[in-house]
Amino acid sequence: MSVVRLAVVLSVLTFSACSTSPQRTREAQGVDPFASHAAPTGKRAFEIADFYAAAVVGAPSLAPDEMTAVFGVRRYDLTAGKTWSQIWRARLSDGTVSALTSGQHSDTDPQFTPDGRSLVFLSNRGGTSQVWTMPTDGGEPRQLTSFAPGIGSALLSPDGRWLAVTAELFPECGLDLACHERNAKGLDGKLQVRVADELLYRHWTSWHQGKRTHILLVDAASGAVVKDLTPGPFDAPGFSLGGRSLAWSPDSAELCYVANHDADAARSTNSDLFAVAIAGEITPNSARNLTSDNKGWDGAPLYSPDGKWIAFIRQLTPGYESDLRQLALLERSTGKVTYLTTRESFDDWVEDMRWAPSSDALVFQAEHQGRNPLFYVGLDSAGSIAGVLEHGHINAWELTRTGSVVYSQRAIAQPSELYTAELGEAPRRVTHFNQALESQVDIRPAAELWLEGDGGRPIHTFVVTPHGFDPSKRYPLILNVHGGPQSQWTDAFRGDWQVYPGKGYIVAFCNPTGSTGYGQDFTDAITGEWGGKPFRDLMKVCDALERLPFVDKERMGVMGWSYGGYMAMWMQGHTERFKANAAMMGLYDLRSFYGATEELWFPEHDLKGEPWTSSHYERWSPSNYVENFKTPALVIGGELDYRVPYTQSLQYFTALQRRGVPSRLVMFPNAGHWPAWHEMAFYYNVHLDFFQRYLGGGAAPWKVEAHARNLQFAK
């Protein structure tokens, strides 16, 4: 038995006490899940400013001797409107920490060189995002790359000789920087026009304008760009909101990356794994497609230490971005693919994985019942999967050679910190960046309930009670509906879970039909049911919440983002139980949404076709129920949101105004689907102002008008 396998088997026993949260344990034992919420804290109420006072601890990178870890720590200055990230180092044995970089720059994604004597990291301290390096024993950072278009990400090869970096390029220019500069200047000229001859002409927050993401090979000693590893008219790696999209082979001779080469990219989720040898001349045909047999999504590649395998995540259904994410293995010598998780053996989404050093087992992360714990599976275990570690929301993690885990983590009542999970011990907190904040501010816990949903199925529900909670009193309640719709609310520190309880509100958030982490059948059940089963789940949950003795059912509000915004708009026409309704980046008219969004595979799957072939666009469109609109509404959108175009919010606001419904429109001209941090501060503030007006909680800390005009923090 390998060291890691032994470690993991022991860890399953060690962490069994951690696999169930305290809230769930008390509920299972018949104890009031809110019993501890009324205990005096001696701390002040949580404010918006406190959320931005919390340090955000990034992904750890382990030193070769695994005695220390480096990671980014992000800070915010709300008054100055600045954010920055510094590189820190922690000694894992005793938690001694030290800052390796200084200044208010964006220093992120540190990696140790193989000898442990240096770091490479990304930084904008030179004006654009480039790769920098510095010795680990002290000294000033030195800029390594000077690539004019800028560097998006960087991955050091195992032998330390090369960096695989991503950059946005004009494919016809290759590495001709003069050509890139000429094209870039042309786009900034007096004539501003966009021309498209095919779909997916814009994506997320930007128009393509002829650019593509490519992977470049960089000499790690000199910083010189050696060659374009992915020439051609495709994004490589493809667009992603997170996760691993490229990996080095252990001999540093090959790179595996994720890309979609389908001609109709707007309707295709068919990303594949491509492998390219870095030696020799590279042409658009040099890379080999390793997964061409699967027309669904393949991604997150990771080579085994012995080089025999590539572990990756696979979805089998073409055009379905929320299909079950299975852990798969590709044998490099034969190209044969086998599955370590299947719908029968493990019915939740796999998010990430790490190899045991012996290459005979994997530890993987998955979404499961409001958390994202770690699991163990051996290559020869015939589907036997064991839980390893559950601890709130695990942001990023690494597996050591002895089987312990080093990870950054956050929970509803705990800002992010670095932890280790050692053999024979419970998880141990390594860093204490947020200790002062925790000692001064009442960061509210959550109770967990399983409430009856549509058809009697239990719906997992988190409930955060307000500061100064007294169960003999009644409080207004805000229901927050998650987006996706195929996603899950998790046990994670989040502004929404603390800002509103700090002003006297109960906040409830649940995972209704369509959510992930409760089996793929539950996720799939939202298809063609957007305003059906999930709405009925939410109404049943509200029925149960209203029966709690401390909930004032006459002062209930609802809020939601993306699909959650859609649901708020849908509720506007289908229930009068809420006294305040806030919709962010929501879908209002499904036919016009289809014509303006970018990823057409999403509505074509979820709504079962195009608007001219499927009745679901009309059936589930909130715009068809305007005559029922009555609830005071807050409407928020972003003008750079190409996923849910902001005109959806404009249409909704127009209908509310013409119906005489009290309503306010908030539009961020520079925001996409996810506003920037300083825009989110306004988001919290305007919500507090809105909810106080109609639900009667505490006042917003800042005047909305002054905040909107940048006068609130003016000196």
Side-chain angles (χ1 to χ4, degrees), residues 1-15 18 58-71 89-96 109-120 136 155-160 244 247-252 300-312 327 329 340 351-365 373-381 385-389 391 394-409 418-431:
M1 181 175 288
S2 71
V3 173
V4 167
R5 177 174 293 188
L6 175 62
V8 171
V9 170
L10 291 175
S11 297
V12 171
L13 301 177
T14 302
F15 299 133
C18 304
S61 176
L62 294 177
D65 63 7
E66 299 184 341
M67 301 297 290
T68 61
V70 290
F71 47 92
R89 176 172 53 193
R91 192 163 60 204
L92 299 177
S93 61
D94 60 8
T96 300
D109 304 314
Q111 303 166 67
F112 280 97
T113 56
D115 60 11
R117 297 171 61 185
S118 301
L119 297 177
V120 293
T136 54
L155 183 64
L156 190 64
S157 63
D159 63 8
R244 184 174 48 258
W248 283 100
S249 62
D251 61 2
S252 302
L302 189 66
Y303 289 82
S304 61
D306 63 10
K308 293 181 179 180
W309 309 91
I310 297 177
F312 66 103
L327 180 59
L329 282 180
L340 296 180
E351 291 184 331
D352 199 3
M353 80 292 286
R354 296 291 185 275
W355 281 97
S358 53
S359 299
D360 62 352
L362 286 144
V363 173
F364 67 91
Q365 185 174 27
L374 306 184
F375 298 84
Y376 166 86
V377 62
L379 269 59
D380 58 354
S381 61
I385 297 168
V388 175
L389 173 65
H391 190 189
I394 299 172
N395 304 319
W397 56 284
E398 293 295 340
L399 184 69
T400 70
R401 288 186 293 272
T402 58
S404 61
V405 183
V406 181
Y407 59 102
S408 62
Q409 179 268 3
L418 193 70
Y419 288 81
T420 63
E422 305 286 351
L423 270 177
E425 300 176 11
R428 179 174 56 83
R429 181 168 168 174
V430 176
T431 63

Give the table of side-chain donor-acceptor pairs shorter than 3.5 Å for residues 59-66, with sequence neighbours excluded, one pair per line with atom names and distance.
residue	atom	partner	partner atom	Å
D65	OD1	M67	N	3.0
E66	OE1	R401	N	3.1
E66	OE2	R401	N	3.1

With a 4.5 Å cut-off on side-chain heavy atoms, are [Y] and [X] touching?
| X | Y | value |
| --- | --- | --- |
| L155 | Q111 | yes |
| I394 | V405 | no |
| F112 | L119 | yes |
| L389 | Y407 | yes |
| D360 | D380 | no |
| P305 | S359 | yes |

**OP:** Sequence neighbours left out, what passes salt bridge (Lys or Arg N to Asp or Glu O under 4.0 Å) with R428? Give chain and number order.
**Re:**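 Salt bridge (Lys or Arg N to Asp or Glu O under 4.0 Å) check on R428 returns E422.
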
Original post:
Quick one: salt bridge (Lys or Arg N to Asp or Glu O under 4.0 Å) partners of R244, sequence neighbours excluded?
Top reply: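 Listed in chain order: D352.
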
List in chain and number order the residues that pass side-chain hydrogen bond (donor to acceptor under 3.5 Å, both in side chains) with [X], two or more places apart in sequence or in another chain; answer none if no residue qualifies.
| X | answer |
| --- | --- |
| Y419 | none |
| T68 | none |
| S252 | D159 |

Straight-line distance of [X] [atom1] to [Y] [atom2], nearest 0.5 Å:
| X | Y | atom1 | atom2 | result |
| --- | --- | --- | --- | --- |
| L156 | D109 | CG | CG | 13.0 Å |
| F375 | Q365 | CZ | CD | 9.5 Å |
| L362 | W309 | CG | CH2 | 10.5 Å |
| L418 | T431 | CG | OG1 | 5.0 Å |

**OP:** Please name the pair of heavy atoms, one in S404 and one in A421, separated by the smallest distance, quoted to 0.1 Å.
**Re:**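 Of all heavy-atom pairs spanning S404 and A421, the closest is CB-O, 3.1 Å.
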
